[in-house]
Amino acid sequence: MYKKYSDEDLKEAYSTMMDYSGKADAGILTEIESRGGLEKFLRQIEIQRINQTEIGRIAKEIRLLNSNGLNKDAIKNSVQSDILSKDELEYLIERKLVEYQAIIADRTITSKTIFGSIFGIILGSVLGCIFLILAISFFGRLVFFPLVGVYIICYFTIKFFTKQSRNNAVVFIASFLSTVISMLLAIGITSILSK
């Protein structure tokens, strides 16, 4: 059964068994032995755990140095590791800096964010209103669970215009406002049409 498992899948299965029952079944132990033995296998798991801990430590250090305004070269000179190779460390620093810059760009409020949110509120409110009117006509009354769909419509409309996620305060507030406007428009239109 375990012969088709990759090394990572085998480690995951073994760790899960040990976490839940405290023992591994005979089939997995046989496969581990055929791949070099339990001792080697456990050493690989420990090395992987140490590497993950080190990567977490370095990621925190990079985030702290980046938030303190250090540039890429200063961060590369400041961050050291006895566990990761120089190439692994450099790759990790590059990758984390790109991730942090993307997070900062996503949270930054620009004129594009504001104008995109305004256009998104207008279009999202119309689309959300149409969706809610259809839901009201289908159910015969206003039910609240379609509001989740309305929020999703409004959010993705605003995200389309701003290219930013709900992690941006303006996008989040605009999505909420657009949802409320959609609801009010749908209630107003359906009450006018029902007269």
Side-chain angles (χ1 to χ4, degrees), residues 1-109 113 145-160 162-173 175-176:
M1 174 177 159
Y2 297 104
K3 289 189 186 310
K4 294 182 181 178
Y5 277 40
S6 69
D7 287 346
E8 291 305 312
D9 291 338
L10 195 64
K11 288 175 189 173
E12 184 67 32
Y14 178 83
S15 295
T16 301
M17 284 181 197
M18 295 305 288
D19 288 344
Y20 287 108
S21 67
K23 59 182 179 178
D25 69 23
I28 199 165
L29 291 173
T30 303
E31 183 59 29
I32 290 170
E33 284 301 322
S34 73
R35 295 188 189 189
L38 185 61
E39 206 173 297
K40 177 184 172 191
F41 185 76
L42 292 175
R43 195 169 42 251
Q44 289 173 343
I45 290 175
E46 182 62 18
I47 289 169
Q48 189 174 25
R49 186 192 63 75
I50 290 169
N51 282 346
Q52 290 302 319
T53 302
E54 180 72 354
I55 288 169
R57 180 194 68 79
I58 291 169
K60 287 178 186 174
E61 189 175 344
I62 293 167
R63 185 174 51 242
L64 178 66
L65 293 171
N66 189 41
S67 66
N68 287 338
L70 269 68
N71 65 22
K72 181 174 30 174
D73 292 330
I75 292 172
K76 283 182 179 181
N77 290 332
S78 298
V79 176
Q80 302 294 320
S81 176
D82 295 331
I83 296 169
L84 300 179
S85 71
K86 185 177 180 190
D87 290 340
E88 289 171 327
L89 181 61
E90 194 161 313
Y91 173 75
L92 179 64
I93 292 170
E94 291 283 341
R95 193 181 77 201
K96 289 299 176 185
L97 285 173
V98 168
E99 286 176 17
Y100 297 145
Q101 293 304 319
I103 291 169
I104 290 168
D106 186 47
R107 291 182 178 168
T108 302
I109 298 170
T113 308
F145 68 85
L147 287 176
V148 173
V150 172
Y151 175 80
I152 291 169
I153 290 168
C154 295
Y155 166 68
F156 279 107
T157 304
I158 292 166
K159 185 177 179 179
F160 174 77
T162 62
K163 307 292 188 248
Q164 292 173 295
S165 76
R166 66 179 174 267
N167 293 331
N168 185 294
V170 171
V171 172
F172 179 77
I173 292 168
S175 300
F176 179 76

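- Side-chain atoms of Tyr155 come within 3.5 Å of backbone atoms of Arg166 as a donor-acceptor pair (strictly under, hydrogens ignored).
- Counting heavy atoms from C-beta outward, Ile103 and Asn167 have side chains that stay 4.5 Å or more apart.
- For the pair Ala13 and Ile28, the tightest heavy-atom approach, listed with the atom from each and the gap, is CB-CD1, 3.8 Å.
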Pairs of donor and acceptor atoms involving the side chains of residues 51-58, under 3.5 Å and at least two apart or interchain, shall be tabulated with distances.
residue, atom, partner, partner atom, Å
Thr53, OG1, Arg49, O, 3.0
Glu54, OE1, Arg57, NE, 3.1
Glu54, OE2, Arg57, NH2, 2.8
Glu54, OE2, Ser81, OG, 2.7
Arg57, NH1, Glu61, OE1, 2.8
Arg57, NH2, Gln80, O, 2.8

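- The side-chain tip of Lys163 points at the ring of Phe160 from less than 6.0 angstrom away and within 45° of straight on.
- Cys154 approaches Ser175 most closely through the heavy-atom pair CB-O, 4.0 Å.
- Interatomic distance, Ile109 CD1 to Thr162 OG1, rounded to the nearest 0.5 Å: 11.0 Å.
- Screening residues 35-44 for side-chain hydrogen bond (donor to acceptor under 3.5 Å, both in side chains) gives Asp7-Arg35, Glu31-Arg35 as the qualifying pairs, with residues at least two apart or on separate chains.
- From Asp9, atom CG reaches atom OG1 of Thr16 across 10.5 Å, with rounding to the nearest 0.5 Å.
- Between the side chain of Gln164 and the main chain of Thr108, a donor-acceptor pair closer than 3.5 Å is present.
- Pairs engaging residues 42-80 under the ring pair (Phe, Tyr, Trp, His ring centres under 6.0 Å) rule: none recorded [sequence neighbours left out].
- Note that the NZ atom of Lys72 and the CD1 atom of Ile62 stand 12.0 Å from one another [nearest 0.5 Å].
- Atom NZ in Lys11 sits 10.5 Å away from atom CD1 in Ile32 (nearest 0.5 Å).
- Other residues, nucleotides and ligands place no more than 12 heavy atoms under 6.0 Å from the CZ atom of Phe172.
- The stretch residues 42-63 participates, sequence neighbours left out, in no ring pair (Phe, Tyr, Trp, His ring centres under 6.0 Å) pair at all.
- The shortest distance between side-chain heavy atoms of Ser34 and Thr30 does not fall below 4.5 Å.
- Note: Leu10 CG to Ser15 OG = 9.5 Å, rounded to the nearest 0.5 Å.
- Shown here for Ser78 and Leu70, the closest heavy-atom pair between the two residues is OG-CD2, 4.1 Å.
- Side-chain atoms of Glu90 never come within 3.5 Å of backbone atoms of Ser85 as a donor-acceptor pair (strictly under, hydrogens ignored).
- Across all their heavy atoms, Val79 and Leu89 have their closest contact at O-CD2, 3.7 Å.
- In this structure, the side chain of Glu33 engages the main chain of Leu38 through a donor-acceptor pair within 3.5 Å.
- The stretch residues 33-72 participates, sequence neighbours left out, in these ring pair (Phe, Tyr, Trp, His ring centres under 6.0 Å) pairs: Tyr14-Phe41.
- In this structure, Leu92 and Glu88 have side chains that are not in contact, with every pair of non-hydrogen atoms separated by 4.5 Å or more.
- In this structure, Arg63 CZ and Glu99 CD are separated by 10.0 Å, a value rounded to the nearest 0.5 Å.
- Using cut-offs of 30° and 60° for the angle between ring planes, the Tyr2 and Tyr5 rings count as perpendicular.
- Side-chain atoms of Asp106 never come within 3.5 Å of backbone atoms of Asn168 as a donor-acceptor pair (strictly under, hydrogens ignored).
- By the side-chain contact (heavy atoms from CB on, under 4.5 Å) test, Tyr91 is found to be paired with Arg95, residues two or more places apart in sequence or in another chain being considered.
- At least one donor-acceptor pair closer than 3.5 Å links the side chain of Asn68 to the backbone N or O of Leu64.
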